[in-house]
Amino acid sequence: MAQRTVLFVLFDAVQSLDVTGPLEVFMGAEQHAPGTYRIRTASLDGAPVRTSSGLTLVPDQALDDPLDAHTLVVPGGQGTRTPDPALVGWLREHGPRAERLVSVCTGAILLAAAGLLDGRRATTHWAYCDKLARDHPDVEVDPDPIYVRDGHVATSAGVTSGIDLALALVEEDMGREVALGIARHLVVFLRRPGNQAQFSAQLAAQTARREPLRDVQRWITEHPDADLTVDSLATRASLSPRHFARAFQTETGMTPGRYVDRVRLEHARRLLEDTTDGIEEISRASGYGTPEAMRRAFVKALGAAPAEYRRRFRPAPAR
C-alpha cells in the first residue's frame, strides 16, 4: 500500500482525546508496517494550541503549508461551539481534496459549517445531534450510531468512538489482523460496529420517576425472554395499558415497544459476542422466539445478520 498522509486539524479548546485516540491507532499501524502512514498535525498558523483539558499540543506545521492529505481528521471539543471562520474557510477549500474526510465528536459541526456534510448522513456526540440537525437542515443527522460512513466522509460520535472509527479505517487499509493487534495493544475491543448505538438501552432511555415504571424497566432488562407486550407490562405496573404506554413514554422518552426492542437487541448482541451459544438458543433467550425474527431485527438495526455480526465482532480467542 502506498504511504498515506493522515492530517489531524488542531485548534484551541480541541478535545485532546479526539486527537490522541485516533492518532494512536494510526501510529500503531505505522509501527506495525513502517511507511504505511505519514501522520501530521497542523493548526491554522502552526502555533501550539491549548486543549479543553489544559494540555498544550505542538503541531507539526501550519495548515497552509503544502501537504496533500489522504485522510483528513477533524476532532471536536469546546472550540467547535463558536467555529473560527478562518478554520471553516480552510476546511471548505481543502476538505474536498482529501480522499477520506473524518470527524470525531463535534468535529462534525466544523464539517457541516464548511458545507461538507450537505446531503450526507452523519452523526456526532449525542448531546449535539439536535443542534447539528437544527443548524444544518441539509445534513441527515443520525443520533444513534457510534460512527457513520457516507461515501468518503466518516463521522463519529463522542470521544472514544473516534478510536472505533480509526480502527475501522485501519482495518479497511491493512486488514483485520492488523487492526485487531492495535486494539489489543490499546486494550480496547475491536468489536463495536459503526451502527452500534451510542448508548445501551438503559442509558439511552431516561429512568422513570415513578417506582412502578422503574420496576418495569428493570424487569424488561432482566427478563428479555418474557411476555413484554404492553398489556403484560401494564399489569405489572398496575396501570391500564393506555395509561401505562403514555406514562412510560413521557417518563423515559421512548415507547415501551422501542425500549423492549433495544433491550432484546442488546441482550442478543452480548450473547453473540461473549458466548458460544447457538443462534436458535440466543433467539429464544433474547425474546425473539425464532432465529428468523432475530435475523430481521439485526438486519434492520445493525445491517448484519446475527451470524455475520458474531463473525465480525466477537473477539478472537486468546492464544
Side-chain angles (χ1 to χ4, degrees), residues 1 3-10 14-41 49 51-60 69-77 100-108 123-126 145-149 154-200 203 269-270 272-274 302 309-319:
M1 185 180 78
Q3 187 180 55
R4 297 178 172 183
T5 298
V6 182
L7 178 64
F8 286 81
V9 176
L10 304 183
V14 68
Q15 163 66 251
S16 58
L17 192 54
D18 286 2
V19 178
T20 58
L23 190 150
E24 289 289 349
V25 172
F26 286 110
M27 183 57 72
E30 168 60 19
Q31 291 170 345
H32 174 85
T36 299
Y37 294 112
R38 180 188 180 205
I39 302 165
R40 306 289 291 175
T41 57
V49 301
T51 71
S52 56
S53 60
L55 295 173
T56 297
L57 301 180
V58 181
D60 297 308
H70 173 277
T71 301
L72 181 62
V73 182
V74 182
R100 281 195 308 221
L101 189 57
V102 176
S103 70
V104 182
C105 196
T106 55
T123 194
T124 187
H125 190 290
W126 63 268
I146 58 173
Y147 62 82
V148 168
R149 302 285 299 275
T155 53
S156 61
V159 194
T160 58
S161 60
I163 296 175
D164 294 288
L165 177 53
L167 285 167
L169 297 176
V170 167
E171 182 176 357
E172 178 182 287
D173 292 342
M174 304 181 67
R176 179 172 176 79
E177 287 306 311
V178 174
L180 183 57
I182 297 167
R184 286 172 175 162
H185 180 72
L186 296 177
V187 199
V188 297
F189 290 116
L190 182 65
R191 71 183 193 186
R192 294 211 295 174
N195 45 11
Q196 179 174 319
Q198 293 192 34
F199 286 119
S200 67
L203 289 177
R269 179 175 55 77
R270 284 201 304 267
L272 288 168
E273 294 170 353
D274 299 333
L302 300 175
Y309 181 92
R310 168 173 272 174
R311 185 188 70 78
R312 293 176 59 193
F313 302 115
R314 186 181 179 199
R319 295 179 180 178

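Worth saying up front: this structure is predicted, and the values here are computed from it rather than measured.
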| request: Run the numbers on R100 and D173 for side chain to side chain contact (heavy atoms under 4.5 Å, CB included), then give the verdict. | output: CA-CA 12 Å; R100 281 195 308 221; D173 292 342; 2.8 Å; yes
| message | Check this for me, if you would: do D60 and R38 make a salt bridge, where the nitrogen-to-carboxylate-oxygen distance has to be below 4.0 angstrom? | response | no
| field | Atom pair CG/CD of L23 and E30 - distance to nearest 0.5 Å | value | 11.5 Å
| note | Taking every heavy atom of E171 against every heavy atom of A179, the minimum-distance pair comes out as CB-CB, 3.8 Å
| said: Test side chain to side chain contact (heavy atoms under 4.5 Å, CB included) on T155 and T124; report intermediate values, then the result. | reply: CA-CA 7 Å; T155 53; T124 187; over 6 Å; no
| By salt bridge (Lys or Arg N to Asp or Glu O under 4.0 Å), which residues pair with R149, not counting sequence neighbours? | E172
| message | Among residues at least two apart in sequence or on other chains, which ones pass side chain to side chain donor-acceptor pair (under 3.5 Å) with T106? | response | T80
| said: Can you tell me how far apart CG (L72) and CG (L7) are? Round to the nearest 0.5 Å. | reply: 5.5 Å
| Intermediate values then yes/no, side chain to side chain contact (heavy atoms under 4.5 Å, CB included), V19 and V14 | CA-CA 8 Å; V19 178; V14 68; 3.9 Å; yes
| field | Pairing residues for A29 by the side chain to side chain contact (heavy atoms under 4.5 Å, CB included) criterion, not counting sequence neighbours | value | Y37, V170, M174, I182
| Do T36 and F26 have side chains that get closer than 4.5 Å, going by heavy atoms? | no
| Point-to-point distance, once rounded to the nearest 0.5 Å, from CG of L165 to CD1 of I146 | 9.0 Å
| Say you draw a straight line from OG of S16 to CG of L57; how long is it, rounded to the nearest 0.5 Å? | 7.0 Å
| What's the shortest heavy-atom distance between D18 and C105, and which atoms? | OD2-CB, 3.3 Å
| query | When rounded to the nearest 0.5 angstrom, what is the spacing between CG in L272 and CZ in R270? | reply | 11.5 Å
| task | Determine the minimum heavy-atom distance between V104 and P22, stating which atoms define it. | result | CG2-CG, 4.1 Å
| request: Starting at CE of M27, measure out to CG of L186 and round the result to the nearest 0.5 Å. | output: 12.0 Å
| task | Quick one: closest heavy-atom pair of T123 and A157, and the distance? | result | CG2-N, 4.0 Å
